[in-house]
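It should be emphasised that the depicted structure is a prediction, and the values quoted were computed from it without experimental measurement. Chain identifiers are assigned alphabetically (A, B, ...) following the order of the sequence lines, protein sequences preceding nucleic acid strands; residue numbering begins at 1 within each chain.
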Protein chains: 2
Amino acid sequence: MRIEWPDPEGQEIVERLFAVAVALRVHFEETAADVGLTVPQAHTLIHLQEPQRMGEVAAYLRCEPSHVTAIADSLERCGLLRREPDPEDRRAKRLLLTSSGQQLRDRLVARLFESAPIISVLDADQRIELLSLLRTAQSAAGSDIRH
Amino acid sequence: MRIEWPDPEGQEIVERLFAVAVALRVHFEETAADVGLTVPQAHTLIHLQEPQRMGEVAAYLRCEPSHVTAIADSLERCGLLRREPDPEDRRAKRLLLTSSGQQLRDRLVARLFESAPIISVLDADQRIELLSLLRTAQSAAGSDIRH
DNA sequence: AGAAAACAGTTCATTCACTGAAGTAATCTC
DNA sequence: GAGATTACTTCAGTGAATGAACTGTTTTCT
């Protein structure tokens, strides 16, 4: 990013974290495309390990509910999920994966994690160290996956 | 992300890194919006610390050259940059910031770094540790900033 | 030197993710 | 039980991004 900054060490951390973010994003896009999904479709599929109400999916994706309708339409057309009425609230619908949706989700998740950039280079000790730092850093802030 | 996985520690690292990526992305979007820029406009401005050829900017943004034309048009209309002919190749044009573009870039960069999420929670020792891990992890792979 | 190929940027049509407003049906509140 | 709120849908519109066709410039090859 090449940025001037009074605290060069803090700067480098942010730059490198941005680079991590980019690498993960590209990794996600490529993996989704590999299994024939767009990015929002892949995010939705990943989130549907258990059936979820559409509004809940919209909150997860940080988008308008109307957009979830469109994503669900496309995934339903592909036979990857079904809508079912929510037994607790007849206004709401729950999205749930079909068996082929479940299979595709498994493949997607496996590929996403098996070749994730960055961590593969670290040895066991370094991983533990990194994990501990990430836990500390994130203990305050809460966040979700997003495209 | 809630994902089943044989190596729970590796899984948690990847999940947390995804969360970092999301947080940084949101931070970037908000900061860009704060100074009145869209995400691609902000990325372009940041990259123009020195004048760059449009094709070079396209490579940096990982987009088609025709899209850089559109971004440059909008930033030029705002008076933030100028096109100048590349002295070394009359086919090419270089984008360079006007003084108000330079000012806006400085403000943007300052805000981007001053309140970056995650690191602000860590103390000096932890920062050094994190930085060292990031350096190790990224020594192999090269990557750039992207939306 | 001169013709052909490759290249830098632009224009335009189109795609796709996403928003926002209006509508329908079900549930909550008083 | 009337009125407000909520869950999803429909539809029109925005904005980021692509890809093909075009102009002008440089490179390459003989």
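A salt bridge is absent between A/E84 and A/K93; no separation between the charged side-chain nitrogens and carboxylate oxygens falls under 4.0 Å. With respect to A/D86 and A/R53, a salt bridge is recorded, a charged nitrogen being found less than 4.0 Å from a carboxylate O. At a threshold of 4.0 Å, the pair B/R111-B/D106 does not count as salt-bridged, since none of the basic side-chain nitrogens sits closer than that to a carboxylate oxygen.
Following rounding to the nearest Å, A/K93 (NZ) and C/dA25 (P) show an atom-to-atom distance of 11 Å. D/dT18 atom C1' lies 14 Å from atom CD of A/E29, rounded to whole Å. One atom, CD of B/E88, and another, P of C/dA8, lie 13 Å apart when rounded to the nearest Å. We find that NE2 of B/H67 is positioned 17 Å from C1' of C/dA8, with the value rounded to whole Å. The CZ atom of B/R62 sits 13 Å away from the P atom of D/dA17 (whole-angstrom rounding). Following rounding to the nearest Å, A/L61 (CG) and C/dC16 (C1') show an atom-to-atom distance of 16 Å. C/dG9 atom P lies 16 Å from atom CZ of B/R82, rounded to whole Å. Atoms CG (A/D73) and C1' (C/dA17) sit 14 Å apart, rounded to a whole Å.
Residue-to-nucleotide proximity on DNA chain C shows that, of B/R53 and B/A70, the 5′-proximal contact is made by B/R53.
One finds a side-chain N or O of B/T38 lying less than 4.0 angstrom from the OP1 or OP2 phosphate oxygen of D/dA16. Within the 4.0 Å cut-off from OP1 or OP2 of D/dT9, at least one side-chain nitrogen or oxygen of A/R83 is found.
Comparing atom distances between the B/P65 side chain and each of D/dG24, C/dT10, C/dT27 picks out C/dT10 as nearest. Taking only side-chain atoms of B/E64, from C-beta outward, the nucleotide of C/dA17, D/dG19, D/dC8 with the closest atom is D/dG19. Closest to the side chain of A/M54, out of D/dT9, C/dT19, C/dC18, is D/dT9. Set against D/dT10, C/dC18, D/dT18, the side chain of A/T69 has D/dT10 as its closest nucleotide. The B/D89 side chain lies nearest to D/dT25 when the options are D/dT25, D/dT10, D/dA17.
Taking the six-membered ring for Trp and thresholds of 30 and 60 degrees, A/F18 and B/F113 have ring planes inclined between 30 and 60 degrees apart.
Residue-level contact check: B/D86 touches neither bases nor backbone, having no heavy atom under 4.0 Å from any strand.
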Full working for side chain to side chain contact (heavy atoms under 4.5 Å, CB included) between B/E56 and B/H47: CA-CA 10 Å; B/E56 197 285 327; B/H47 191 54; 2.8 Å; yes

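Applying the 3.5 Å distance criterion, the base of C/dG9 shares no donor-acceptor pair with the side chain of B/S66. Between the side chain of B/R91 and the base of C/dC7 there is at least one donor-acceptor pair of N/O atoms closer than 3.5 Å.
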